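This report concerns only the one structure given below.
The model shown is predicted, which means the values in this text are computed figures rather than measured ones.
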Amino acid sequence: MSEQTMKARQTYLQSIQAKTGKSAQELAALAKARGLTKARAVTDWLKDEYGLGYGHAGFVWYLMAHEEGRKTPDDRLSKLFAGKKSRWLEPFRDLETQLTTFGPDVETHANTSYVNLLREGKKFGIVQPTAERLDVGIKLKGVDAEGRFEAAGDWNPMVTHRVKITDAQDLDGELLGWLRRAYLALK
């Protein structure tokens, strides 16, 4: 961040504090506590409730929106596997361990919907937990779907196939074989 950008940011933060008596982070927390999650709702509330102008209200929204990006990978993974989906965290961790045997360039990155399976930053699969099952998406173009290795269809356009896992024992050698093929196809 440039020195000029840092100064501008600090000026915004000081101005928000002076106008409202609260820090931008406190205002963001209050907005969240009210259940406000959309940009328009947050900025309208801040303008009406605290008299902030659009730019200052937008800056508070910016801080809220970028908070997700500052979370650690474990924070994102915990959130993704929260509640009824928590039963899938340990089987996912076991699968993740098996994936690392493919090579040192395997990475996993959780976002808000699923975990990306990557080789040198390129996606070869995804894992998406639900309360009932763990869906494993695999990117293998030109390979016919058969049996539990079904076409992804419109489930997720980032992958070509999906395997629905309803029992942790189904995270087996066959599934790892398909994932390995997808991994190797990226080289």
Taking all non-hydrogen atoms of both residues, which atom of [X] and which atom of [Y] are closest, and how far apart?
| X | Y | answer |
| --- | --- | --- |
| Leu27 | Trp45 | O-CZ3, 4.0 Å |
| Leu63 | Gln25 | CD1-NE2, 4.3 Å |
| Phe59 | Ile16 | CD2-CD1, 3.9 Å |
| Ala110 | Arg76 | O-NE, 3.2 Å |
| Asp167 | Ile165 | O-CG2, 3.2 Å |
| Ala131 | Lys84 | CB-CB, 3.7 Å |

For Ile126, which of Leu117, Val115, Asn156 qualifies under side-chain contact (heavy atoms from CB on, under 4.5 Å)?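 The passing option is Asn156.
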Which one of Thr43, Asp44, Val42, Asp48 satisfies the side-chain contact (heavy atoms from CB on, under 4.5 Å) criterion with Leu46?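 That would be Val42.
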Tell me whether [X] contacts the main-chain N or O of [Y] through its side chain, where contact means a donor paired with an acceptor under 3.5 Å.
| X | Y | value |
| --- | --- | --- |
| His161 | Val143 | yes |
| Ser15 | Thr11 | no |
| Thr160 | Ile138 | yes |
| Arg148 | Asp170 | yes |

Would you mind checking if Arg93 and Glu90 are paired as a salt bridge, meaning a charged N to carboxylate O distance below 4.0 Å?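 Not counted as a salt bridge, because no side-chain N and carboxylate O are separated by less than 4.0 Å.
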Taking 4.0 angstrom as the limit, do Arg119 and Asp105 come out as a salt bridge?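 Salt bridge present between Arg119 and Asp105.
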Between Lys164 and Glu132, is the salt bridge (Lys or Arg N to Asp or Glu O under 4.0 Å) condition met? List the steps. CA-CA 10 Å; Lys164 297 175 185 174; Glu132 299 80 32; over 6 Å; no
Is there a side-chain contact between [X] and [Y] in this structure, where contact means two heavy atoms from C-beta onward sitting under 4.5 Å apart?
| X | Y | value |
| --- | --- | --- |
| Leu36 | Leu30 | no |
| Phe124 | Leu118 | no |
| Tyr54 | Lys47 | yes |
| Tyr50 | His56 | no |

Tell me if the aromatic rings of Trp178 and Phe149 count as close, with their centers under 6.0 Å from one another.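 Yes.
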Could you go step by step and tell me if Leu80 and Asn111 meet the side chain to side chain contact (heavy atoms under 4.5 Å, CB included) rule? CA-CA 8 Å; Leu80 182 61; Asn111 61 32; 5.6 Å; no
Ignoring hydrogens and angles, state whether a donor on the side chain of Gln17 or Ser23 is under 3.5 Å from an acceptor on the partner side chain.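 Distance-only check fails for Gln17 and Ser23.
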Side chain to side chain contact (heavy atoms under 4.5 Å, CB included) evaluation trace for Asp135 with Val163: CA-CA 6 Å; Asp135 287 332; Val163 180; over 6 Å; no
